[in-house]
There are 2 protein chains.
Amino acid sequence: MDNDEIIRRSQAACEALSADEDGLKRQVLTHAGNRWSLGIVHLLGVNGRLRHAEIGRRMEGVTQRMLTRTLRQLERDGLVLRHDFQEVPPKVEYQLSELGKQMLVHMIPLWTWVVENADGFRRSREQFDADQAL
Amino acid sequence: MDNDEIIRRSQAACEALSADEDGLKRQVLTHAGNRWSLGIVHLLGVNGRLRHAEIGRRMEGVTQRMLTRTLRQLERDGLVLRHDFQEVPPKVEYQLSELGKQMLVHMIPLWTWVVENADGFRRSREQFDADQAL
DNA sequence: CAGTATCCTTGCGGATACTG
DNA sequence: CAGTATCCGCAAGGATACTG
C-alpha cells in the first residue's frame, strides 16, 4: 500500500466519521482506548464463553463496578452477548458476538503496531517532557 | 485468517498491553477515541504540512484550546512534528512524523470496519435501550 | 454470584477572555 | 497568529458497602 493508497482509504473513512453527528462511530472506537474493553474482548475471544466472576478473576485489578459497566457498554454496542441463566445463585455468561469477533480481527493490526512501537512512544515522551522542563 | 490465527495474534498483543504498567500503550490507543486526534491525523496525512489556523479552519467545531491541546498530545507521543518558524507574527506548521504515518496506516482497517458497521451498532443500541426501558 | 448504590478524584471537552 | 488563563459541566474510573 503506497502513500496515495493510504490517503485514499483514510479519506473515505474519515469523511464518514466526520459526518457522525451523534458520535456513535467515534464512541465505538473509544472501546479501543477504554481501560478494560480491550482486555475483555481479547479474553472472550480466547476463551469463548465465560462467567462474570471468571472474567473478574482473570482481569488483574478490575472492580466489580467497572467490570459490569464495561460489559454493559460492550453489550449495548452489540460486541458481546449476555446469557442470563435465571438461576439462584445467579449465573451469567458472556461471549463475543459476530460483530465482536470482527472487531477483534480489525483491532489486531493496531494493537500489534502499538506494542511494537512502545519504545518509540516512551522515548518521544521523555524527550518532550525534558524539553518542557526547561 | 481463521479463528485460531486471530486468537494467536491477539494473544501476544494483549499480553504486551496487559503488562503495560504505566498505561502508555493504552494511552496511545486512546488517540483512536479522542474527539479530534483522528481528524487531525487524517488531515495531516492528506495535506502534508499545515499551519495551526489552517487546521482549525478545516476541523469543523474545534476550539483553539482543544486544537492546541490535541496537537500537543500527538506531538508528545511522537506522532506529529511541530515546526515553529520563530517569526512575528507567529507561524507554526504541523505534519505527521513517520510514526504518525504508520499509525494512520494501521488505524485504517479499524476505521473502515467501524464505518461499515455503523448501522449494526445503532440497531444494537436501540434494541438495548428499548429493553432497558421496560 | 452478579450485581446496585454511594461517594470521590481525575481528565476530557468546551466557552470565554486575554497576550506577545 | 498561535497560543494561555480561567471557568464550567460531564463522564471515566475507582473505593467501599450493600442486596436478591
Side-chain angles (χ1 to χ4, degrees), chain A residues 18 20-24 26-40 44 49-77 80-95 125 128 131-132, chain B residues 18 20-24 26-40 44 49-77 80-95 131-132:
Chain A
S18 300
D20 182 13
E21 290 299 328
D22 58 0
L24 184 141
R26 202 175 43 75
Q27 283 175 33
V28 172
L29 285 169
T30 67
H31 287 304
N34 280 349
R35 180 77 183 85
W36 304 108
S37 302
L38 221 70
I40 291 174
L44 294 179
R49 196 192 263 220
L50 290 174
R51 297 185 64 171
H52 181 103
E54 189 61 25
I55 301 173
R57 272 188 292 272
R58 301 200 194 190
M59 301 284 301
E60 187 91 9
V62 69
T63 62
Q64 281 188 339
R65 175 177 142 78
M66 288 315 296
L67 182 54
T68 300
R69 183 191 264 269
T70 307
L71 284 167
R72 285 283 186 284
Q73 286 175 1
L74 291 170
E75 187 196 355
R76 181 168 187 249
D77 285 339
V80 158
L81 299 175
R82 181 174 182 272
H83 305 277
D84 190 339
F85 286 72
Q86 302 284 6
E87 292 176 2
V88 179
K91 178 177 175 181
V92 181
E93 288 186 348
Y94 295 90
Q95 66 175 336
R125 285 190 169 205
F128 184 92
D131 293 347
Q132 294 300 312
Chain B
S18 300
D20 182 14
E21 290 299 328
D22 59 359
L24 184 141
R26 202 174 44 74
Q27 282 175 35
V28 172
L29 284 170
T30 66
H31 287 304
N34 280 348
R35 180 78 182 83
W36 305 108
S37 302
L38 223 70
I40 290 174
L44 294 179
R49 196 191 262 219
L50 290 173
R51 298 185 64 170
H52 181 103
E54 190 61 26
I55 301 174
R57 272 188 292 273
R58 302 201 193 191
M59 302 283 302
E60 187 91 11
V62 69
T63 61
Q64 281 187 339
R65 173 176 144 78
M66 288 316 295
L67 181 55
T68 300
R69 184 191 264 268
T70 307
L71 284 167
R72 284 283 185 284
Q73 287 175 1
L74 291 169
E75 187 196 356
R76 182 167 187 248
D77 285 338
V80 158
L81 299 175
R82 181 175 182 272
H83 305 276
D84 191 338
F85 285 73
Q86 302 285 5
E87 292 175 1
V88 179
K91 179 178 175 182
V92 182
E93 288 186 347
Y94 295 90
Q95 65 175 337
D131 291 348
Q132 295 300 309

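Chain identifiers are assigned alphabetically (A, B, ...) following the order of the sequence lines, protein sequences preceding nucleic acid strands; residue numbering begins at 1 within each chain.
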Item to complete: Starting at atom CZ of A:Phe85, determine the distance to atom C1' of C:dC1, rounded to an integer number of angstrom.
Response: 13 Å
Worksheet entry | Interatomic distance, A:Arg72 CZ vs D:dG13 C1' [rounded to whole Å] | 17 Å
Worksheet item: Reading DNA chain C 5' to 3', what string of ( ), [ ], | and . shows its pairs, if Watson-Crick and G-U wobble pairs count only when both distances fall under 3.5 Å?
Response: ||||||||||||||||||||
Worksheet item: For B:Tyr94, which of B:Leu50, B:Ile40, B:Val80 qualifies under side chain to side chain contact (heavy atoms under 4.5 Å, CB included)?
Response: B:Val80
Discussion item. Would you say that B:Asn34 contacts B:Trp36 through its side chain, given a criterion of any heavy-atom pair below 4.5 Å between the two side chains?
Written reply: no
Fill in: Nearest-Å distance for atom pair NE2/C1', residues A:His52 and C:dA2
5 Å
Worksheet item: Under 4.0 Å between a side-chain N/O of B:Arg82 and OP1 or OP2 of D:dG3, yes or no?
Response: yes
Discussion item. For a quick check under 3.5 Å, do A:Arg125 and B:Gln27 share a side-chain donor-acceptor pair by atom type?
Written reply: yes
Fill in: Sugar-phosphate, base or nothing in reach of A:Tyr94, heavy atoms under 4.0 Å
sugar-phosphate
Worksheet item: At their closest point, which heavy atom of B:Ser37 faces which heavy atom of B:His31, and how far apart are they?
Response: CB-O, 3.3 Å
Worksheet entry | d(CG, A:Leu38; P, D:dG13) in whole Å | 12 Å
Worksheet, complete the sentence: For A:Pro90 and A:Arg51, the nearest pair of non-hydrogen atoms, with its separation, is O-NH2, 3.1 Å
Worksheet, complete the sentence: For nucleotides 6-20 of chain C, 5' to 3', base contacts (B), sugar-phosphate-only contacts (S) and non-contacts (-) with protein non-hydrogen atoms under 4.0 Å give B-----SBBB----B
Worksheet item: Quick one: does A:His83's side chain get under 4.5 Å of A:Arg49's, heavy atoms only?
Response: yes
Response to the item:
B:Gln86 atom CD is separated from D:dA2 atom P, nearest whole Å, by 13 Å
Fill in: Separation between CG of A:Asp84 and CD of A:Glu93, rounded to the nearest 0.5 Å
10.5 Å
Discussion item. Whole angstroms only, please: what is the CD-P distance between B:Glu54 and D:dG3?
Written reply: 15 Å
Item to complete: Return the nearest nucleotide to the side chain of B:Arg51; candidates are D:dA2, C:dA2, D:dT4.
Response: D:dA2
Worksheet item: Which atom names give the shortest non-hydrogen contact between B:Arg26 and A:Gly33, and what distance separates them?
Response: NH1-O, 3.3 Å
Item to complete: Mind calculating the distance between CG (B:Leu50) and P (D:dA2) to the nearest angstrom?
Response: 11 Å
What side-chain donor-acceptor pairs closer than 3.5 Å can you find for residues 60-74 of chain A, not counting sequence neighbours?
residue, atom, partner, partner atom, Å
A:Thr63, OG1, A:Met66, N, 3.3
A:Thr68, OG1, A:Gln64, O, 3.1
A:Thr70, OG1, A:Met66, O, 2.6

Fill in: Protein-nucleotide distance (B:His83, atom NE2; D:dG3, atom P), rounded to Å
13 Å
